[in-house]
Every structure is written in C-alpha cells, then in structure tokens.
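Chain identifiers are assigned alphabetically (A, B, ...) following the order of the sequence lines, protein sequences preceding nucleic acid strands; residue numbering begins at 1 within each chain. These numbers were taken from a predicted model, which means no experiment stands behind them.
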Protein chains: 2
Amino acid sequence: MNKSKTRMTKQRKTILRVLRNTDTHPTADWIYERVKKEIPNISLGTIYRNLNVLAEMGEIMVLDFGSTYSRFDGNPENHYHFRCERCDRVFDIDIPLNRELNMKVNENTPFMAFGHRTEFYGLCPDCQKKNQT
Amino acid sequence: MNKSKTRMTKQRKTILRVLRNTDTHPTADWIYERVKKEIPNISLGTIYRNLNVLAEMGEIMVLDFGSTYSRFDGNPENHYHFRCERCDRVFDIDIPLNRELNMKVNENTPFMAFGHRTEFYGLCPDCQKKNQT
DNA sequence: CTATTTGCAAACGCTTTGCCTGATT
DNA sequence: AATCAGGCAAAGCGTTTGCAAATAG
C-alpha cells in the first residue's frame, strides 16, 4: 500500500515537539504561530500536511468535536476530554476509560463497537470561580 | 434578550417534519434535497438558517463529531450515537446514558460536568456482514 | 540521485450573511 | 402595519491541493 518513507524534516519534528509539550489541545493556527517562532518562513499548508501525516502515523490525535475547526492532541492514547462551555478550552480528563460501555453496546445492540469518544461539557475550575461573581 | 417571535413558516415546519421522520442523522444537503421535493424553490441558506433556529429552540440536535460537515438529529434528547467506520453512517444507540460518568468527573476532578457526548465507533450490522467476504 | 516535503497561492466545500422582497401574526 | 423569514448570490473561513524548488536519506 503506502510505501512512502516518512522523512523527519525539521518542520515535522518541530510540530510534533510543540504538540507534545502542550496540554492545551491547540488549533492548527495556534501551532502555526508557535512553530513560526522557530521556523519563521514555515507555511500554514505545511502545518496541516504534517498534522495529517502525524495523525496517520498514530503520533497524535485529531479532535473534531463540536467546533468549526479541529484541535490536535499530542497524546495519541484514547482518553476523555472536557470542554468548558464558557471559555471553550479543552482539557484532558484523568479518569479511566469506561470499557464496559463498549461491552454494553456489543451485548445489547447489533453494532460492533471498537471504542468510543467522549467529551464532557460544563465549567472548568477557572470559570467556576468567575461565575460566582 | 431574544424577543423574536418564532414564526412557523411552511419551510420551517417542513424541515422539522423531515428531520423528525428520519433516523439517518442527515446532512444539511440531504435535508435540502428532501425538502426541495415539497418546496422546489427553497434555498440552501434557508435550510441552514432554520436548522440553527430549530437547534436554538431545542427542537433538534446538531452533531458535529469528527466530520467536515454537520449532521442533524430530530431527537433533541441526549443519547448515544454510533458511527460506522466503513460506511460512515450515524446511528442511534439505545442504551441508557451513563450519568455516573458525570459524577465520577465531578468527584475526581476539579471540573464541573453538566453532561457528556459520546460517539461509539466500529462496524454497523450491514458492514459486519460485508466484511465476512 | 530521487522520491518526499516545502512554500506559496489558489482552490475547495460547508456554512454564514447582506440585501431586498415576501409572508406571518 | 410591523416584523420576521425567505431567496439569491456573494462572502467567510478552516482546510486542502497543484506545482516548482528544496532537501532528506
């Protein structure tokens, strides 16, 4: 099938490093601005191309829950996310995946579930404080 | 705030009826084609405007999980969905919402979860059969 | 060397919006 | 009559892509 030998260009390396070193689930544009500090003449097209390549390689994860634009996660392991309804930021949720839920689907429906994506919504700690005023 | 008195135009009524009478979670374009059979000169802009209005009214639900375009659900009650990885169709999953999951987040993290959206992925019954070949 | 990747800019595709006319209450 | 909604077409906007030049292996 795909015999392409993935080259580790400095652009690709930088994008991956930036993504691994943040936990803010940034947008492509945020990554673009950030990488531009190191590689000033990099183009947005390169950011997108590499994000797609890295996702295919299984190095990162694409989150396209309820929003106009995608967010990217440097942690390719499946885990839960939380979106704050007030500030719209996305956080990692550190509770174990509920694998029984897949079993429930497999046992009670005709569908064959390999896994599931879950996003919680509500208020992040910061916005809970702000809402008290 | 919003003092607009929602008028029930024939366009809006038709769109809502079409959506209520399907369980395929269609795209805006699918709805457009469908409604056009009854109101031939309706415009795509009207479809989008009304889908947004109906969603605000709480009459329907917008699904923008992992895809370039949104899908719409005539059932505004929160429920689980299943996306087939092979044919990309979206189905309703008829198992009860796992509300304890929200509790787990509220008890074990600093986040305040009001709810969660979950999409399962795997193979639908049709595609399971096809995959046996 | 040569196939992959980049930068640039134009193209894409879904969705939104402005404007004016038409319909609803 | 007053205001909300529709039709049409253009604009928006995040993302993708074609192409020639650059570069990793």
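- Whole-Å rounding puts the A:R7 CZ to C:dT2 P distance at 13 Å.
- Close to D:dA5, at under 4.0 Å from its OP1 or OP2, lies a side-chain N or O of B:R12.
- Summarising the geometry, the separation between CD1 on A:I47 and P on C:dC8 is reported as 12 Å, rounded to the nearest angstrom.
- What separates NZ of A:K10 from C1' of D:dA24 is a distance of 11 Å, to the nearest Å.
- Phosphate contact (OP1/OP2 of D:dC4, side-chain N/O of B:T9, threshold under 4.0 Å): absent.
- The closest side-chain donor-acceptor pair between B:H25 and B:D92 falls under 3.5 angstrom.
- Of the options A:K10, A:K13, A:R17, a salt bridge (charged side-chain N to carboxylate O under 4.0 Å, His left out) to A:E38 is made by A:R17 and by none of the others.
- Distance, B:M57 CE to D:dC4 P: 15 Å, rounded to whole Å.
- Ranking D:dG25, C:dT15, D:dT3 by closeness to the B:Y48 side chain, first place goes to C:dT15.
- Considering only side-chain N and O atoms, B:S43 lies nowhere under 4.0 angstrom from the phosphate OP1 or OP2 of D:dG6.
- If you check C:dT5, C:dC14, D:dC19 against the side chain of B:Y69, the one that comes closest is C:dC14.
- DNA chain C is contacted by both A:G45 and A:V53; A:V53 maps to the nucleotide lying nearer its 5′ end (nearest heavy atom per residue).
- We find that CD1 of B:I39 is positioned 9 Å from P of D:dG6, with the value rounded to whole Å.
- With C:dT15, C:dT6, C:dT25 as the candidates, the nucleotide lying closest to the side chain of A:R49 is C:dT6.
- OP1 or OP2 of C:dT6 has at least one side-chain nitrogen or oxygen of A:N50 nearer than 4.0 Å.
- Among residues two or more places apart in sequence or in another chain, the side chain to side chain donor-acceptor pair (under 3.5 Å) test is passed with A:R89 by A:D126.
- Put simply, the side chain of B:R20 gets close to the backbone of B:G74: a donor and an acceptor are under 3.5 Å apart.
- Residue contacts shown for A:D29 are absent, as no nucleic acid heavy atom lies under 4.0 Å away.
- Per the geometry, CG belonging to A:D64 stands 14 Å off C1' belonging to C:dC14, to the nearest Å.
- In this structure, B:F72 atom CZ and C:dT15 atom C1' are separated by 9 Å, rounded to whole Å.
- For A:N52 and D:dT16, the shortest distance from a side-chain N or O to OP1 or OP2 is below 4.0 Å.
- Between B:F120 and A:F111, the ring centre distance reaches or exceeds 6.0 Å.
- Across the protein-nucleic acid pair, B:L44 atom CG and D:dA9 atom C1' stand 12 Å apart, rounded to whole Å.
- Phosphate contact (OP1/OP2 of D:dG7, side-chain N/O of B:Q11, threshold under 4.0 Å): present.
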